[in-house]
Each structure stands twice: as structure tokens, then as C-alpha cells.
Amino acid sequence: MPESRPPIELQGISLAALQALIDGRRLPPVERWNPDRCGHSGMRIARDGTWYHEGSPIRRPAMVRLFSTVLRREPDGRHVLVTPAEKLDIDVESTAFRAVEMTRGGEGRDQRIGFRLDSGDALILGRDHPLIIVDTPNGPSPRLLVRHGLEAELTRAVYYELAELALAGGGNRPGVWSDGSFFPLDRQ
């Protein structure tokens, strides 16, 4: 089935409108699918977010969006593309997604922060989609939990924007409030 959902854009919409777009998305129930047929997809998601098939970049954004809807992370850390008929490994160099744009509304504890992902989806930072800092061989990696064990690494520009917001907040510990929860930008 071809991907027909347009990517979510943050420009010119309120956080309430963004939440309505997010709530209107219907994703396949990949958490319920556990087919026996397994193998490797011949696909890879590079550190910069580029999707490859058999060494060649996938140039159609709609195709990447479609594949991203059937992606999940297994308890052992592997990433798989899953349908009712088969489950295929996909190599992921860093994280499945990147958070490439940020928007916010409100102030202080009433603030909400939204992120657009390179997959064309979006999320609101909060209990269901927390910010975590993961230690990697390349240093700390700020990430958002997306769904089904998948993560989105914040691009450098988005992280700097978030850090600037945290520092402007003044508190004893650098961090941000979003959707009623506090997310520290350091590890303590």
C-alpha cells in the first residue's frame, strides 16, 4: 500500500493543532505482529538518517515514511521491519529517527515542546515521549523515545535550541518543562 500521509510540518501551526495531527495518525499495530519468517531486509539507516537499500540511498521520502511505520525495536536491541507476514532486520547506525525541528508554546511548567522527526512524524515531549541522555562512544546523545522502543536523536541545531531554552529558564539544574514533566539536560 503506498504511503499517502503527508509529512507533518511545524511552521504556522499551534501546539493544539500539532497534537490533533499527531492524534489523527493511524500506525500499523506492529507490536501485535510476530511472524515466523525472519531474515535481513538489506536495508540500513545511516547515522545522518539516510535510509539505504542494498547500498543505494532510498530517494523517495514517501517510501521512507512508509517503512518507518512498520519499524520497531526488539527487546534485544535489534531493529526490525515487521508486517503480518514477515519480520526483517534493518541495520541502524545510531537511532531510527532524528528530531530535526522544534516548536514550543506556554511558559515554565505550563510549557509544551513539539518536535518534527525526519520521518515526517512529530511528537510532544512528555511522559509518553521523554527526553533521555544516552552515553555513546561519540559522547552524550540526547534522544526522544518515539514508539515501540525506537528513539530519535536530536540534531545539533535542535539540541542547541533546547539548551538555550533550558538556560533561559534559570533553575538550579539545566532542563526544560514540557507537558507537565521536567526533563534535565544533564545526568546527575
Considering only residues two or more places apart or on different chains, which pairs with a residue in residues 39-48 satisfy side-chain hydrogen bond (donor to acceptor under 3.5 Å, both in side chains)?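 Passing the test, one end in residues 39-48: His40-Asp91, Arg44-Glu93, Arg47-Ser94, Asp48-Thr50.
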Side-chain contact test, heavy atoms from C-beta onward, threshold under 4.5 Å: evaluate it for Arg112 versus Gln19 and give yes or no.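 Sidechains of Gln19 and Arg112: in contact.
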Min side-chain heavy-atom separation Leu131-Arg143 under 4.5 Å: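 In short, these two side chains do not touch, never coming nearer than 4.5 Å.
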Charged N to carboxylate O below 4.0 Å: is that the case for [X] and [Y]?
{"X": "Glu107", "Y": "Arg104", "result": "yes"}
{"X": "Glu151", "Y": "Arg73", "result": "yes"}
{"X": "Arg25", "Y": "Asp121", "result": "yes"}

Measure from the side-chain N and O atoms of [X] to the backbone N and O of [Y], and report whether any donor-acceptor pair falls under 3.5 Å.
{"X": "Arg59", "Y": "Ser56", "result": "no"}
{"X": "His129", "Y": "Leu145", "result": "yes"}
{"X": "Arg98", "Y": "Thr95", "result": "yes"}
{"X": "Arg72", "Y": "Val30", "result": "yes"}

Holding to ring-ring contact (aromatic ring centres under 6.0 Å, His included), I want the full list of residues that pass it with Tyr52, two or more places apart in sequence or in another chain.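 Not a single residue meets the ring-ring contact (aromatic ring centres under 6.0 Å, His included) criterion with Tyr52.
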Using a cut-off of 6.0 Å, state whether more than 12 heavy atoms not belonging to Asn34 lie near its atom CG.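 More than 12 within 6.0 Å, yes.
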More than 12 heavy atoms of other residues, nucleotides or ligands under 6.0 Å from OH of Tyr160: is that the case?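 Atom OH in Tyr160 is not packed in, count stays at 12 or less.
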Establish, from distance only, whether the side-chain atoms of Ser178 and Gln111 form a donor-acceptor pair under 3.5 Å.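 There is no such pair (donor and acceptor under 3.5 Å, judged by atom type) between the side chains of Ser178 and Gln111.
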Checking one residue: Leu15. Which other hydrophobic residues are in its cluster under the side-chain 4.5 Å linking rule?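 Members other than Leu15 - counting any ILVMFWY side chain reachable under 4.5 Å - are Ile8, Leu10, Ile13, Leu18, Leu21, Ile22, Ile124.
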